[in-house]
**Q** 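The structure that follows is given in the form of structure tokens.
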Amino acid sequence: MKIEKNRVVALSYTLVVDGAIADQATAERPLEYIHGTGMLLPRFEEEVAGKEPGEDYAFTLSPEEGYGVHNPAHVFDIPISAFAIDGEIRHDLLVVGRTIPMLNQAGQVVQGTVAAVKEDAVSMDFNHPMAGKTLNFSGNVVSVREATQKELTEGLHGEYLPEEEHCCKKGKGGCHRGDKKEGECCKEKGDSHCDCHHEDCDCDK
């Protein structure tokens, strides 16, 4: 069976960036996605389309084909007071290269990377971590199958459901929030305390 739209694909892959391995998935724990539904980079899906289980692949994506070029306009100086909790600046969080979830003006959670720490401000980079990078992918097609109607409607791991229906729950993969009771949702808006590794849970989304 070939990789085509609305088929569930499992891939092993190695991503090399700047000469070093940046990410990878093994055949035992592959990347799974529904092809043609926008889950992966469009050019990535184009490169693997038509391949069958057992086939290898290797290709390179330019920054424009990947996560875009680095845009200086997405780097902002934020008052250091914004990083205070109970009136105390969290200097332990303010480490160059560290990713910190923050709320934007629309109340949405966005991931920012600490670019520089100044006396009264912190430069936060809201570009994608791979912006400006050339992406070198190689791997193997592990399996291909038709997606079920439930998967097409709800997502492969329930990602199309409302957050409260698919977020990490205590007792189902590792919620470490002590203030949550059994069955309650572990993840809340901006919550970075959920450490769920259950295959049916996407508490990092």
Side-chain angles (χ1 to χ4, degrees), residues 1-71 97 99 101 109-111 113 126-163 165-169 172-175 186-187 192 194-205:
M1 181 177 289
K2 295 183 178 181
I3 297 177
E4 295 178 356
K5 184 175 175 61
N6 291 340
R7 287 180 174 172
V8 176
V9 181
L11 302 173
S12 66
Y13 73 88
T14 298
L15 169 61
V16 175
V17 177
D18 295 334
I21 295 176
D23 194 15
Q24 59 186 160
T26 64
E28 293 72 29
R29 299 191 65 178
L31 165 69
E32 293 185 294
Y33 73 101
I34 301 176
H35 192 79
T37 59
M39 296 179 69
L40 301 183
L41 292 169
R43 285 288 293 117
F44 186 107
E45 293 199 13
E46 288 177 18
E47 290 287 347
V48 299
K51 294 189 179 298
E52 299 181 272
E55 283 195 60
D56 293 328
Y57 61 86
F59 55 88
T60 296
L61 301 186
S62 67
E64 291 80 4
E65 295 170 324
Y67 294 99
V69 298
H70 187 274
N71 188 345
T99 300
V109 178
V110 293
Q111 302 295 326
T113 302
F126 292 99
N127 285 280
H128 189 281
M130 290 293 173
K133 301 292 186 180
T134 297
L135 311 177
N136 301 284
F137 287 100
S138 61
N140 179 269
V141 180
V142 178
S143 64
V144 183
R145 65 172 175 82
E146 294 289 352
T148 65
Q149 188 57 49
K150 179 181 175 67
E151 289 170 333
L152 292 175
T153 302
E154 300 182 0
L156 193 58
H157 301 295
E159 57 267 22
Y160 299 155
L161 292 171
E163 184 171 308
E165 294 186 33
H166 66 89
C167 60
C168 181
K169 294 183 181 297
K172 187 187 176 186
C175 175
C186 170
K187 181 177 173 60
S192 60
C194 185
D195 184 21
C196 174
H197 303 292
H198 193 280
E199 62 181 359
D200 293 326
C201 176
D202 65 337
C203 60
D204 290 328
K205 297 183 179 180

**Q** On a heavy-atom basis, which atom in Val48 and which in Phe59 lie closest, and how many Å separate them?
**A**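 Scanning both residues, the minimum pair turns out to be CG1-CE2, 4.1 Å.
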**Q** Kindly compute the distance separating CG (Asn136) from OH (Tyr13), expressed to the nearest 0.5 Å.
**A**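 Atom-to-atom, Asn136:CG and Tyr13:OH are 14.0 Å apart.
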**Q** So among Leu40, Val9, Thr37, which one has a side-chain contact (heavy atoms from CB on, under 4.5 Å) with Glu45?
**A**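 One option only clears the test, and that one is Leu40.
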**Q** Salt bridge check, Glu151 against Arg7: does any charged N sit closer than 4.0 Å to a carboxylate O?
**A**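 So Arg7 does not pair with Glu151 through a salt bridge.
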**Q** Which class fits the ring pair Tyr67 and His128: parallel under 30°, tilted 30 to 60°, perpendicular over 60°?
**A**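 Parallel, since the angle between the ring planes stays under 30°.
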**Q** Using side-chain heavy atoms (C-beta onward) and a distance below 4.5 Å, is Glu32 in contact with Leu11?
**A**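 Glu32 vs Leu11: side chains apart.
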**Q** Looking at every non-hydrogen atom in both residues, tell me the closest pair between Pro30 and Val142 and how far apart they are.
**A**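 That closest heavy-atom pairing would be CB-CG2, 4.3 Å.
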**Q** Taking the ring centre of each residue, are Phe44 and Phe137 less than 6.0 Å apart?
**A**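 Phe44 vs Phe137: aromatic centres under 6.0 Å.
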**Q** Taking side chain as C-beta onward, heavy atoms only, is Thr14 less than 4.5 Å from Ile21?
**A**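 The answer is yes; the side chains approach within 4.5 Å.
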**Q** In the structure I gave you, are the side-chain heavy atoms of Asp56 and Ser138 within less than 4.5 Å of one another anywhere?
**A**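 They are not in contact (no side-chain heavy atoms under 4.5 Å apart), so the answer is no.
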**Q** What pairs meet the salt bridge (Lys or Arg N to Asp or Glu O under 4.0 Å) rule with one or both residues in residues 129-141, with sequence neighbours excluded?
**A**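 As it turns out, the salt bridge (Lys or Arg N to Asp or Glu O under 4.0 Å) pairs with a partner in residues 129-141, which skip direct neighbours, are Asp18-Lys133.
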**Q** I need the Glu47 CD to Ile3 CD1 distance, nearest 0.5 Å.
**A**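 CD1 of Ile3 is found 11.5 Å from CD of Glu47.
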**Q** I'd like to know if the side chain of Ser12 pairs up with that of Asn140 as donor and acceptor (distance under 3.5 Å, no hydrogens or angles considered).
**A**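 No, because no side-chain N or O of Ser12 sits under 3.5 Å from a partner of the opposite role on Asn140.
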**Q** Kindly compute the distance separating NE2 (His70) from CG (Asn127), expressed to the nearest 0.5 Å.
**A**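 It comes to 4.0 Å.
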**Q** Could you tell me whether the side chain of Glu64 reaches within less than 4.5 Å of the side chain of Val69, counting heavy atoms only?
**A**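 Yes, side chains in contact.
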**Q** Output yes when a side-chain donor or acceptor of Lys2 lies under 3.5 Å from a complementary backbone atom of Glu52, and no otherwise.
**A**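 Checked: no pair found.
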**Q** For the OG atom of Ser143 and the CE atom of Met1, what is their distance to the nearest 0.5 Å?
**A**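 It is 10.5 Å, given to the nearest 0.5 Å.
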**Q** Using modelled atom types only, decide if a donor and an acceptor are shared between the side chain of Glu28 and the backbone of Thr26 within a distance under 3.5 Å.
**A**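 A pair under 3.5 Å: no.
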**Q** For the residue pair Val17 and Leu135, establish whether any side-chain heavy-atom pair is separated by less than 4.5 Å.
**A**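 Val17 vs Leu135: side chains touch.
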**Q** Do Tyr160 and Leu152 have side chains that get closer than 4.5 Å, going by heavy atoms?
**A**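 Not touching, per the 4.5 Å side-chain cut-off.
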**Q** To the nearest 0.5 angstrom, please state how far the CD atom of Gln24 sits from the CZ atom of Arg29.
**A**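 Here the interatomic distance stands at 12.5 Å.
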**Q** Determine whether Asn6 and Glu146 make a side-chain contact, defined as any pair of heavy atoms from C-beta on separated by less than 4.5 Å.
**A**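 Sidechains of Glu146 and Asn6: no contact.
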**Q** Check whether any side-chain heavy atom of Glu154 lies under 4.5 Å from a side-chain heavy atom of Glu159, and answer yes or no.
**A**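 Answer no - side chains too far apart.
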